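These numbers come from a predicted model, not from an experiment.
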Amino acid sequence: MILFRTLKTSLPLVPAQKRCASYSFPVGVTPKHLICFKFWTSEMIMEILNSAITLKSYYPNTHRQRLNLLTKAKVTILQEVNKPFLSMAVSKAATFLGASDVHVVDNIVWDQDYAGRVFALMSDVIFVSTSTHMHVQRFAEQSTVPVLCMHSRTHSSIQSLATVMAIFEEFGTMKNMQVGYIGPPHQVLNSYLLLCPMLGANLIYKCSCDLQPITPLLYKISEDLCEKTNTKMVVTTKNAEVIRGSQVIIAGPTTKKKEKLHHFKIKYMDLEKAKNPWIFFHCCPRGPEIEDSLWNHNQARTYNAFDNFQYIAAALMTNVILGYNF
């Protein structure tokens, strides 16, 4: 009863016509999928970010809280690749919104067209974690409910959006900012290659050394976006060039090849020498390339980003299922 009164006075309730027992989409209406940011607009991204930020401002602690916005909804978490932080965040968001969730961990036969349709018969929204990407698109085309790609070979959608949300919480914008990434090629780098130009930020990154140049999968798309949005995307092989002038420093996950660790090593003193205001994020898993002094620094925002996972997931759910933003 207390929770209902709090919700009523703090967050607007979903209109009655949208708070129905069935969340199925009308015949002929295409569900809103999130497979790749290249199919989104900056307005759509800001819609999710603003919704998540608003929700967090009302509920900075979601423990033992329930809004009952998605009562009777079934959220399927389909994992070909186990990503515990992501799946727990989606599960927490589902519980917070009053929905029930189910985890399916298996190797899906993606090339069979019936898979998306069958899962859609038993779900109201499907979150997918997979080692492939194009198959998710095919899966979504057969689904009659929204399909959201949590993680794939190409994207890490929730994690990158959660980090961007933390940047907005810190600075209020990303326009004309410089975001720096140091680490091995990773799904989050692909996501930033699209998100940064779409949100007006410049991106400078190092994902390889001089001896082994690497081009991320979405480099060309990012290049085209930068030209359209008047932003910059710079590739370098030097850590100092990434750190110099970057307000946001993002460290990629630990590389599995130990001989490459020193290429991506970031020290707290390196950031201090830059003499510009900065905040630091790590994608995790963390390895010895990041010192404790940096990981635990008061300018580190890694845990803020992880906390944002659940708010991004909640904002996505209400948006794609109900067409509702907080």
Asks: Side chains of Gln187 and Ser156 only: does a donor on one sit below 3.5 Å from an acceptor on the other?
Replies: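 Gln187 vs Ser156: no donor-acceptor pair found between side chains.
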Asks: Between Ser152 and Thr154, is there a donor-acceptor pair closer than 3.5 Å when you use the side chain of the first and the backbone of the second?
Replies: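 The answer is yes, because a donor-acceptor pair under 3.5 Å joins these two groups.
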Asks: Would Met46 end up clustered with Leu148 when hydrophobic side chains under 4.5 Å apart are linked, directly or stepwise?
Replies: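 Per the 4.5 Å side-chain linkage, Met46 and Leu148 are co-clustered.
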Asks: Only one of Val136, Val128, Thr130, Val104 clears side-chain contact (heavy atoms from CB on, under 4.5 Å) with Glu80; which?
Replies: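 When Val136, Val128, Thr130, Val104 are each tested with Glu80, the side-chain contact (heavy atoms from CB on, under 4.5 Å) holds only for Thr130.
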Asks: How long is the straight-line distance from CG of Asn176 back to CG of Asn230, given to the nearest 0.5 Å?
Replies: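 CG of Asn176 is found 9.5 Å from CG of Asn230.
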Asks: Report yes if some heavy atom in the side chain of Val320 is under 4.5 Å from a heavy atom in the side chain of Leu34; otherwise report no.
Replies: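 In short, these two side chains do not touch, never coming nearer than 4.5 Å.
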Asks: Whether the side chain of Arg301 engages the backbone of Asn298 through a donor-acceptor N/O pair (distance < 3.5 Å, no angle test) should be reported.
Replies: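 Checking the backbone N and O of Asn298 against the side chain of Arg301, a donor-acceptor pair under 3.5 Å is found.
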Asks: Do Val164 and Leu49 touch side chain to side chain, with heavy atoms closer than 4.5 Å?
Replies: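 Heavy-atom side-chain distance check passes, below 4.5 Å.
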Asks: Do Gln79 and Ser129 get their side chains close enough for a donor-acceptor pair, meaning under 3.5 Å?
Replies: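 Judged by distance alone, the side chains do not pair up.
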Asks: Out of Phe281, Tyr303, Phe280, Trp278, which residue meets the ring pair (Phe, Tyr, Trp, His ring centres under 6.0 Å) rule with His297?
Replies: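 One option only clears the test, and that one is Trp278.
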Asks: Between Ser222 (side chain only) and Leu193 (backbone N and O only), is there a donor and an acceptor less than 3.5 Å apart?
Replies: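 Side chain of Ser222 to backbone of Leu193: a pair is present.
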Asks: Verify the distance criterion only: is there a donor paired with an acceptor across the side chains of Gln178 and Asn202 at less than 3.5 Å?
Replies: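 Absent: no donor and acceptor within the cut-off.
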Asks: Under 3.5 Å, is there a donor-acceptor pair between the Gln310 and Asp307 side chains?
Replies: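 Gln310 vs Asp307: donor-acceptor pair found between side chains.
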Asks: Under 4.5 Å between any side-chain heavy atoms of Phe171 and Ile279, yes or no?
Replies: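 A side-chain contact under 4.5 Å exists here.
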Asks: Are side-chain heavy atoms of Ile204 and Tyr181 found at a separation under 4.5 Å?
Replies: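 Result no, sub-4.5 Å side-chain heavy-atom pair not found.
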Asks: Can you tell if the side chain of Asn319 reaches within under 4.5 Å of the side chain of Glu47, non-hydrogen atoms only?
Replies: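 Sidechains of Glu47 and Asn319: in contact.
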Asks: Where the side chain of Thr318 meets the backbone of Tyr324, is there a donor-acceptor pair that is under 3.5 Å apart?
Replies: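 Yes, the answer is positive, given that a donor and an acceptor are paired below the 3.5 Å cut-off.
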Asks: Once you round to the nearest 0.5 Å, how far does CD of Glu141 lie from CZ of Arg138?
Replies: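 Result: 8.5 Å between the selected atoms.
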Asks: What donor-acceptor contacts under 3.5 angstrom involve side-chain atoms of residues 85-99, with partners at least two apart or in another chain?
Replies:
unit_1	atom_1	unit_2	atom_2	d
Ser87	OG	Lys83	O	3.2
Ser87	OG	Pro84	O	3.1
Ser91	OG	Asp101	OD1	3.4
Ser91	OG	Asp101	OD2	3.1
Lys92	NZ	Thr62	O	3.1
Lys92	NZ	Thr62	OG1	2.7
Thr95	OG1	Ser91	O	3.1

Asks: Between Arg153 and Ser131, what is the shortest heavy-atom contact and its length?
Replies: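 Taking every non-hydrogen atom into account, CB-O, 3.2 Å.
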Asks: Do you know which two heavy atoms are closest between Pro31 and Ser143, and how far apart they sit?
Replies: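 That would be CG-O, 4.1 Å.
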Asks: Quick one: OG on Ser100 to CG on Leu70, what's the gap to the nearest 0.5 Å?
Replies: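 Rounded to the nearest 0.5 Å, the OG-CG separation comes out at 10.0 Å.
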Asks: Could you give the distance from CG (Asn304) to OG1 (Thr163), rounded to the nearest 0.5 Å?
Replies: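 These two atoms lie 10.0 Å from each other.
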Asks: Donor-acceptor pair, Asn325 side chain versus Ser51 backbone, under 3.5 Å?
Replies: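 Checking the backbone N and O of Ser51 against the side chain of Asn325, no donor-acceptor pair under 3.5 Å is found.
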Asks: State, yes or no, whether a side-chain contact exists between Ile77 and Val102 at a heavy-atom distance under 4.5 Å.
Replies: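 No, their side chains stay 4.5 Å or more apart.
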Asks: Is the backbone of Pro184 close enough, under 3.5 Å, to the side chain of Lys206 for a donor and an acceptor to pair up by distance?
Replies: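 Absent.
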Asks: Give a yes or no answer on whether the side chain of His155 reaches the backbone of Ser157 with a donor-acceptor pair at less than 3.5 Å.
Replies: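 No.
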Asks: Report the C-alpha distance between Tyr205 and Val179 in whole Å, list the side-chain angles of each, state the deciding distance to 0.1 Å, and finish with yes or no for side-chain contact (heavy atoms from CB on, under 4.5 Å).
Replies: CA-CA 8 Å; Tyr205 69 90; Val179 176; over 6 Å; no
Asks: Taking atom CD of Glu227 as the centre, does the number of heavy atoms from other residues, nucleotides or ligands within less than 6.0 Å exceed 12?
Replies: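 No, because the 6.0 Å sphere around CD of Glu227 holds 12 heavy atoms or fewer from other groups.
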Asks: Evaluate side-chain contact (heavy atoms from CB on, under 4.5 Å) for Asp124 paired with Val75, printing each intermediate quantity in order.
Replies: CA-CA 6 Å; Asp124 295 296; Val75 177; over 6 Å; no
Asks: Under the salt bridge (charged side-chain N to carboxylate O under 4.0 Å, His left out) rule, collect the residues that match up with Lys220, sequence neighbours excluded.
Replies: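 Only Asp224 meet the salt bridge (charged side-chain N to carboxylate O under 4.0 Å, His left out) criterion with Lys220.
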Asks: Run the side-chain contact (heavy atoms from CB on, under 4.5 Å) check on Thr229 and Leu199 step by step: do they pass?
Replies: CA-CA 9 Å; Thr229 57; Leu199 298 174; over 6 Å; no
Asks: Just by distance, no angles: are the side chains of Thr302 and His282 close enough, under 3.5 Å, to form a donor-acceptor pair?
Replies: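 The criterion, which ignores hydrogens and geometry beyond distance, is not satisfied for His282 and Thr302.
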Asks: I'd like to know if the side chain of Asp270 and the backbone of Lys267 have a donor-acceptor N/O pair within less than 3.5 Å.
Replies: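 Flag set: sc Asp270 to bb Lys267 pair under 3.5 Å.
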Asks: Go through Ile158 and Leu161 one step at a time and tell me if the side-chain contact (heavy atoms from CB on, under 4.5 Å) criterion holds.
Replies: CA-CA 5 Å; Ile158 291 179; Leu161 282 174; 5.9 Å; no
Asks: Is the shortest heavy-atom distance from the side chain of Ile182 to the side chain of Ile243 under 4.5 Å?
Replies: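 Yes, their side chains come closer than 4.5 Å.
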Asks: What heavy-atom pair brings Val145 and Ser123 nearest, and what distance separates the two atoms?
Replies: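 Reported closest heavy-atom pair: CG1-O, 3.3 Å.
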Asks: Testing the basics here: between Pro253 and Glu289, what is the closest heavy-atom pair and its distance to 0.1 Å?
Replies: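 Minimum heavy-atom contact is C-OE2, 4.3 Å.
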Asks: Can you check whether Phe326 reaches Lys56 side chain to side chain, under 4.5 Å on heavy atoms?
Replies: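 The answer is no; the side chains never approach within 4.5 Å.
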Asks: Among the clusters formed by ILVMFWY side chains lying less than 4.5 Å apart, do Val81 and Leu189 turn up in the same one?
Replies: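 Shared cluster, no.
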Asks: Identify whether Val105 and Leu78 are in the same connected component of the hydrophobic contact network (ILVMFWY, side-chain heavy atoms under 4.5 Å).
Replies: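 No.
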Asks: Mind checking the CZ-CG spacing from Phe37 to Leu194? Nearest 0.5 Å is all I need.
Replies: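 The CG atom of Leu194 is 8.0 Å from CZ of Phe37, to the nearest 0.5 Å.
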Asks: Whether the side chain of Gln247 engages the backbone of Met177 through a donor-acceptor N/O pair (distance < 3.5 Å, no angle test) should be reported.
Replies: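 Side chain of Gln247 to backbone of Met177, a donor-acceptor pair under 3.5 Å: no, none is there.
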Asks: At their closest point, which heavy atom of Phe127 faces which heavy atom of Ala313, and how far apart are they?
Replies: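 For Phe127 versus Ala313, the nearest heavy atoms are CZ-O, 4.3 Å.
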Asks: Might you point out which heavy atoms bring Leu195 and Ser160 nearest each other, and give the distance in Å?
Replies: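 The answer is CD1-OG, 3.7 Å.
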Asks: Is it the case that over 12 heavy atoms from other parts of the model lie below 6.0 angstrom from the CZ atom of Arg117?
Replies: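 Check fails, neighbour count at 12 or below.
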Asks: Just by modelled atom types, is the Pro60 backbone N or O under 3.5 Å from a matching donor or acceptor in the Tyr311 side chain?
Replies: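 Indeed, once roles are kept as given, a pair shorter than 3.5 Å links the two residues.
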Asks: With rounding to the nearest 0.5 angstrom, report the CD to CE distance, Glu170 to Met165.
Replies: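 Rounded to the nearest 0.5 Å, the CD-CE separation comes out at 13.0 Å.
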